[in-house]
Amino acid sequence: MSEKKINLKGKTLKELEEFFESINESKYRAAQVFQWLYQKRIDSFDEMSNLSKALRNNLNKIASIESLELIEVQISQKTDTRKFVFKCEDGSLIESVLIPDQDRLTLCISTQVGCPLDCKFCATGQMGYKRNLSVFEIIDQFIQTSKHSNRLITNIVYMGMGEPFLNYENTLKSLSIFSSDLAFDISAKKITVSTAGIPDKIIDFANQPFKGKLAFSLHSTDEEIRSLIMPINKKYSLKENIEALEYFYKQTRRRITFEYILLKGINDSDKDIQGLVKLSKRIPSKINIIPFNSIAHTNPLGIAAELKPTSREEFDAFVEKLRKNNLTVFVRNTKGSDIAGACGQLATKILRRKSSIKV
Ligand code: SAH
């Protein structure tokens with residue numbers, strides 16, 4: 001009976017070294033295959049021309065280079081934002097989004113199938129949680145989406161489906177592969193990991209050699225309100241998270257990005273401005289104010305069904321007041337909202353739209 005082949009895509013350099021040692025090959029083969037997999041993105045051992053014929057034959061027998069199956073691409077007519085739906089080997093669907101901007105092309109990737117956090121404003125939260133993604137499934141989102149773009153991907157944000165810090169080991173491994181100069185060579189400065197707040201992981205992340213950015217999904221500076229819209233806050237309070245973020249800054253000197261969706265009547269009052277001003281004095285940071293994208297297509301229940309965006313005028317006034325208080329504020333536009341593909345609001349309900357392309 002033939003055993004299942006080992007998929008080498010998704011392996012870190014260290015894991016490839018262990019693999020080649022285990023089959024009595026020299027360690028330096030690892031760096032060669034690492035480059036073929038992630039720099040040249042070759043998916044056949046036969047094309048790895050600096051490996052001996054015998055080794056290539058052996059790899060064909062015992063190893064494989066898998067790919068996610070792309071089942072749909074939706075393209076926003078307005079902004080050329082592209083949403084990709086992939087099918088995993090177990091049938092799970094995951095999504096990635098490519099978001100173009102003048103000087104950058106950002107890939108938003110998923111780290112879990114669904115998400116256990118159940119944030120009330122988030123489409124992914126409404127679909128429940130299935131499992132963590134493997135490193136291969138995280139990395140291959142980059143490889144497959146880049147085949148469907150005529151521009152190079154310059155930035156990566158971990159803001160798709162799932163909570164990266166609940167899939168921590170695989171997230172760290174994927175970061176080491178994305179940022180390695182033998183692999184994707186994306187500068188760590190251009191990679192942002194976004195978390196809803198797992199304090200011990202924020203602290204561990206601060207101590208990692210990886211020099212990437214950290215975004216924190218804040219959405220309210222009030223413990224009670226935050227718990228209402230983000231149930232994870234009952235387990236890991238804002239207080240604990242803020243202490244962890246202070247530690248992150250102390251260790252890394254990297255400013256935190258706070259994400260803040262403006263929700264009508266929930267987190268858009270003058271008191272909320274005061275909360276943000278106070279927080280920004282404590283933690284060197286910038287804040288992304290985000291218009292709420294409707295999640296009506298997920299048929300939300302309870303409070304999730306009640307959420308509404310702050311009106312345009314009040315939104316602008318809120319941003320203005322923050323700026324008057326000397327906060328660094330960015331307004332995130334809602335690219336891809338017409339394909340339900342804005343970051344962090346992915347759901348695997350495949351919308352049959354005119355703009356969809358079947359592949
Ligand atoms: N679990 C991680 C990664 C998911 S990204 C985290 O919570 O940070 C989460 C981000 O997606 C939010 O901070 C917000 O920026 C965005 N997001 C989620 N739902 C949204 C919605 N309905 N409208 C606009 N942005 C949304």
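This is a predicted model, so every value here is computed, not measured. This chain uses plain numbering: 1 for the first residue, then up along the sequence. Just so you know, ligand 1 is whichever comes first in the structure, and atom 1 is the first atom listed for that ligand.
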(request) With heavy atoms of Ile295 as the reference, note each atom of ligand 1 found under 4.0 Å away. (result) 22 (N)

(request) For Gly160, counting its heavy atoms only, list the atoms of ligand 1 lying under 4.0 Å from any of them. (result) 4 (C)

(request) Anything under 30° is parallel, anything over 60° is perpendicular, the rest tilted; go ahead and classify Phe178 against Phe142. (result) tilted

(message) Side chain, backbone, both or neither: which applies to Ile261 and ligand 1 if a contact is any heavy-atom pair less than 4.0 Å apart?
(response) side chain

(message) With nothing but distance in play, are any N or O atoms of Phe292 less than 3.5 Å from an N or O of ligand 1?
(response) no

(message) List ligand 1 atoms under 4.0 Å from Cys122, heavy atoms only on the residue side.
(response) 19 (N)

(message) If you count heavy atoms of other groups shown closer than 6.0 angstrom to NZ of Lys250, is the number above 12?
(response) no

(message) With heavy-atom distances below 4.0 Å as the criterion, list the atoms of ligand 1 near Arg332.
(response) 15 (O)

(message) If the contact criterion is a heavy-atom separation under 4.0 Å, does Gly197 count as touching ligand 1?
(response) no

(message) With a cutoff of 4.0 Å, is Met161 in contact with ligand 1, counting heavy atoms of the residue only?
(response) no

(message) Do Glu137 and Ser134 pair up side chain to side chain, a donor and an acceptor below 3.5 Å, judged on atom types alone?
(response) yes

(message) At less than 4.0 angstrom from any non-hydrogen atom of Ala196, what atoms of ligand 1 do you find?
(response) 6 (C), 7 (O), 8 (O)

(request) Kindly identify the option in Met159, Gln126, Glu259 whose heavy atom sits closest to atom 10 (C) of ligand 1. (result) Glu259

(message) Tell me which one of Asn326, Asn325, Thr221 satisfies side-chain contact (heavy atoms from CB on, under 4.5 Å) with Val277.
(response) Asn325

(message) Check this for me: does any side-chain nitrogen of one of Asp43 and Arg41 sit under 4.0 Å from a carboxylate oxygen of the other?
(response) no

(request) Apply side-chain contact (heavy atoms from CB on, under 4.5 Å) to Glu306 and list each qualifying residue two or more places apart in sequence or on a separate chain. (result) none

(request) Identify, by atom number and element, the atoms of ligand 1 in contact range of Ser217, meaning under 4.0 Å from any of its heavy atoms. (result) 6 (C), 7 (O), 8 (O), 9 (C), 12 (C), 13 (O)

(message) If you count every heavy atom of other residues, nucleotides or ligands that lies below 6.0 Å from Gln251 atom CD, does the total exceed 12?
(response) yes

(request) Heavy-atom contacts with Gly162 under 4.0 Å: which atoms of ligand 1 show up? List them by number with element. (result) 1 (N), 2 (C), 3 (C), 4 (C)

(request) May I ask you to identify, for Asn293, whether its side chain, its backbone, both or neither come under 4.0 Å of ligand 1 on a heavy-atom basis? (result) both

(message) Let me confirm one number: the CD-OG distance from Glu15 to Ser176, rounded to the nearest 0.5 Å.
(response) 8.5 Å

(message) For residues 49-72, which residue pairs pass the ring-ring contact (aromatic ring centres under 6.0 Å, His included) check, not counting sequence neighbours?
(response) none

